[in-house]
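The structure appears right after this line, and notes come after that.
Quick note on labels: first sequence line is chain A, next is B, and so on, each numbered from 1.
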Amino acid sequence: MTITPKTIYTDVQAIRETSPLVHNITNFVVMNNTANALLALGASPVMAHAEPEVADMTGIAGALVINIGTLSDPWIKAMFTAAQAASDKHIPMVLDPVGAGATPYRTRTATTLVQRFNPGIIRGNGSEILALGSQDAVTRGVDSASKADLAVETAVSISRARGSVVCITGETDYIIKNKEVIKIRNGHAMMPRVTGLGCTASALCGAFAAVNSDPVHAAAHAMAVMGIAGEMAGRTASGPGSFQMQFLDALYQMTESDIQQRFKA
Amino acid sequence: MTITPKTIYTDVQAIRETSPLVHNITNFVVMNNTANALLALGASPVMAHAEPEVADMTGIAGALVINIGTLSDPWIKAMFTAAQAASDKHIPMVLDPVGAGATPYRTRTATTLVQRFNPGIIRGNGSEILALGSQDAVTRGVDSASKADLAVETAVSISRARGSVVCITGETDYIIKNKEVIKIRNGHAMMPRVTGLGCTASALCGAFAAVNSDPVHAAAHAMAVMGIAGEMAGRTASGPGSFQMQFLDALYQMTESDIQQRFKA
Amino acid sequence: MTITPKTIYTDVQAIRETSPLVHNITNFVVMNNTANALLALGASPVMAHAEPEVADMTGIAGALVINIGTLSDPWIKAMFTAAQAASDKHIPMVLDPVGAGATPYRTRTATTLVQRFNPGIIRGNGSEILALGSQDAVTRGVDSASKADLAVETAVSISRARGSVVCITGETDYIIKNKEVIKIRNGHAMMPRVTGLGCTASALCGAFAAVNSDPVHAAAHAMAVMGIAGEMAGRTASGPGSFQMQFLDALYQMTESDIQQRFKA
């Protein structure tokens with residue numbers, strides 16, 4: 001289970017060569033950027049949320065990514081239908097419990113998805129992961145109100161109960177499977193100032209899961225690529241606007257040498 | 001009620017220091033940019049529109065911003081529920097009546113929101129404000145077909161009837177409370193060529209209203225910061241694409257000195 | 001039916017001078033970029049999808065663009081209502097059958113729209129056009145799985161049956177009316193790495209159709225302007241992020257001389 005620049009780049013190459021189709025049921029705020037990040041990396045995104053077609057779409061995809069950022073009743077219904085199709089057809093599923101803890105509606109939706117479908121990968125910030133473990137945790141909107149490391153204990157218990165890899169992102173990213181904890185320390189301070197980079201991280205988990213059957217590697221590789229692209233973007237960005245543009249360029253340009261020079265476990 | 005670079009920057013600092021949560025029920029076209037503009041300025045955006053959660057979300061926010069740009073029946077229902085929660089809990093509410101006057105459906109929704117909830121701030125272009133005052137005004141899509149100054153009279157009568165601050169944006173921005181009219185003359189000719197900068201202006205009204213209990217100041221400060229960021233972006237932009245990117249960078253970089261040098265009342 | 005730099009630029013000027021209102025019922029992923037591309041070119045975009053207002057909105061527009069990228073039942077209902085209004089009022093209609101062939105739901109919706117409303121212009125990639133002609137064609141997501149030229153035969157038969165101009169985009173763009181085939185060879189290799197440029201192409205068809213009553217010219221001019229803007233963006237783009245920004249700038253800056261130097265039929 002060692003993550004190295006070589007294991008990361010092997011998966012990046014696999015994504016670029018095979019362009020896996022990643023089916024996203026995600027939120028309105030980030031759809032454009034999520035699609036662009038997947039395309040920049042080399043994957044093939046599709047967004048589809050209608051109940052009558054989501055099972056068909058998931059069925060032809062290499063991974064399903066469910067993100068509850070702007071959820072509503074018809075979308076929740078489609079999320080369950082798609083998750084069931086992914087489960088039936090052994091297609092990797094990633095869950096991003098955006099804003100879990102902020103409202104009972106979000107917390108209930110996220111925890112039900114976890115309990116019913118045991119997603120291969122769950123990625124959130126510390127508050128969101130805490131909210132999945134306990135209704136007592138308080139999330140403030142979609143920002144992380146608690147330190148990511150406080151959530152590690154919760155992540156371990158979720159992972160043990162559901163078999164999921166739980167990924168907590170923050171200044172340090174934690175990738176957790178049972179009691180095993182991998183840390184990745186790449187990233188840039190401007191990342192939280194661009195909307196939806198957490199959602200992009202979840203979408204990249206889907207792209208990596210489509211080419212790597214080990215969800216620990218998939219999640220860790222996705223986090224490393226996110227952080228490295230962030231560092232590359234941060235070199236010349238003069239604010240969140242230029243950062244976002246350069247982040248997409250970095251996903252597109254990233255070489256094995258970029259990964260070797262920057263990867264920090 | 002004097003607006004000065006000092007009063008503007010004091011609120012910018014307050015936003016940067018306290019990161020107020022701004023709950024947006026807004027349109028699909030601008031969600032990404034609105035979220036990015038709020039983040040670039042230092043606020044904390046959340047977008048949520050599901051009827052079962054909007055009251056909870058508004059309840060933890062510093063301001064509610066309702067924008068009817070891509071409205072539909074379930075969203076209208078959520079707008080009313082959220083507005084009621086804001087009213088009950090004395091949370092500042094901003095209304096952006098996008099495209100009021102273009103279709104009876106929009107005009108009816110916007111005027112009902114105004115009449116039932118007396119929003120603290122209403123921000124629109126001249127045509128939209130005219131449409132709120134009279135069903136006879138004709139709006140052409142979401143662009144301003146009438147000169148902003150023709151709408152001032154309507155704005156005064158709305159403000160007197162509802163107690164709202166009415167903000168009319170255009171080449172000159174008008175901030176109107178009862179008969180009092182403040183003018184702000186910042187801005188850049190490329191701003192109308194980027195989609196949703198009007199919506200961003202309304203969202204920034206929400207951020208300022210979350211840190212300043214006087215809605216006249218909040219609206220005027222938001223308009224000044226919009227216009228100044230536009231001027232900063234316009235220095236080197238070579239088209240609306242680069243303008244949009246540099247506008248976000250400008251919101252992030254803006255210093256007290258930028259405001260002192262550029263503010264034009 | 002000859003397309004020349006002069007015929008192209010004449011329409012570009014007409015769009016810049018008259019700012020035609022283009023009513024888009026399009027997908028969540030591309031709304032922001034579609035609106036920005038229309039604005040950068042000089043048109044006036046409006047996005048509206050609520051069943052109670054789409055007929056009113058189409059009625060005041062210069063063109064209607066229907067894009068099924070993130071369709072759902074309530075949106076399909078609105079698409080039919082808007083298409084009927086366009087048909088009744090002789091307003092040009094463009095259809096983008098995004099992902100037709102990927103799921104039965106999409107294929108059925110797209111073919112029904114074609115059969116019931118005979119859109120003036122249909123624009124898709126090769127797989128999507130194939131899917132409109134036969135349920136046997138297999139589309140992989142929203143990417144083109146079949147070479148565009150394989151779809152020409154299908155396009156000819158659709159054009160003959162429905163009277164539509166069918167536009168197949170790819171490395172070479174084909175504009176087809178009955179048996180007549182116009183080819184346009186502008187474009188840049190990075191265009192498929194930016195999400196929604198196909199959707200932008202369809203939206204620009206709407207803008208050109210609003211100022212040119214010949215749908216063959218409208219579609220061909222739109223494809224030429226897309227490809228030329230792509231080439232202009234590609235000169236200095238270092239990845240899909242900067243490409244997207246420069247593409248919008250190029251639409252805004254494009255001169256008659258740019259078209260003369262680059263147009264390749």
Q | Engaged part of B:Ile25 at the chain A interface, taking heavy atoms whose separation is under 4.5 Å | A | neither
Q: Identify which part of B:Glu53 has an atom lying under 4.5 Å from any heavy atom of chain A, answering side chain, backbone, both or neither.
A: both
Q) Is it the case that A:Asn125 and A:Thr169 place a side-chain donor and acceptor less than 3.5 Å from each other? A) no
Q: Kindly say whether B:Leu64 contributes a backbone atom to a donor-acceptor pair with the side chain of B:Thr58 at under 3.5 angstrom?
A: no
**Q.** Contact leader toward chain A among B:Ala50, B:Pro74, B:Ala61, B:Gly59, where contacts are heavy-atom pairs under 4.5 Å
**A.** B:Ala50
Q: For chain A, find which of B:Leu248, B:Asp249, B:Leu38, B:Asn24 contributes the most heavy-atom pairs closer than 4.5 angstrom.
A: B:Asp249
Q) In Å, rounded to the nearest 0.5 Å, how long is the span from OG of B:Ser242 to CE of B:Met190? A) 6.5 Å
Q: Decide yes or no on ring-ring contact (aromatic ring centres under 6.0 Å, His included) for A:His188 and A:Phe243, but give the supporting numbers first.
A: CA-CA 10 Å; A:His188 188 275; A:Phe243 186 94; 5.4 Å; yes
**Q.** Donor-acceptor pair between A:Asp73 and A:Tyr105 side chains, under 3.5 angstrom
**A.** yes
Q: Tell me yes or no: between the side chains of A:Thr111 and A:Gln115, is some donor less than 3.5 Å from an acceptor?
A: no
(Q) Heavy-atom pairs under 4.5 Å with chain A: which of B:His49, B:Gln253, B:Gln244 has the most? (A) B:His49
Q. B:Asn27 and B:Thr70: side-chain donor and acceptor closer than 3.5 Å?
A. no
Q: Report, by ascending residue number, the residues of residues 28-36 of chain A in heavy-atom contact with chain B at a distance under 4.5 Å; give 'none' if the set is empty.
A: A:Phe28, A:Val29, A:Val30, A:Asn33
Q) Does a donor on one side chain and an acceptor on the other come within less than 3.5 Å for B:Asp56 and A:Thr103? A) no
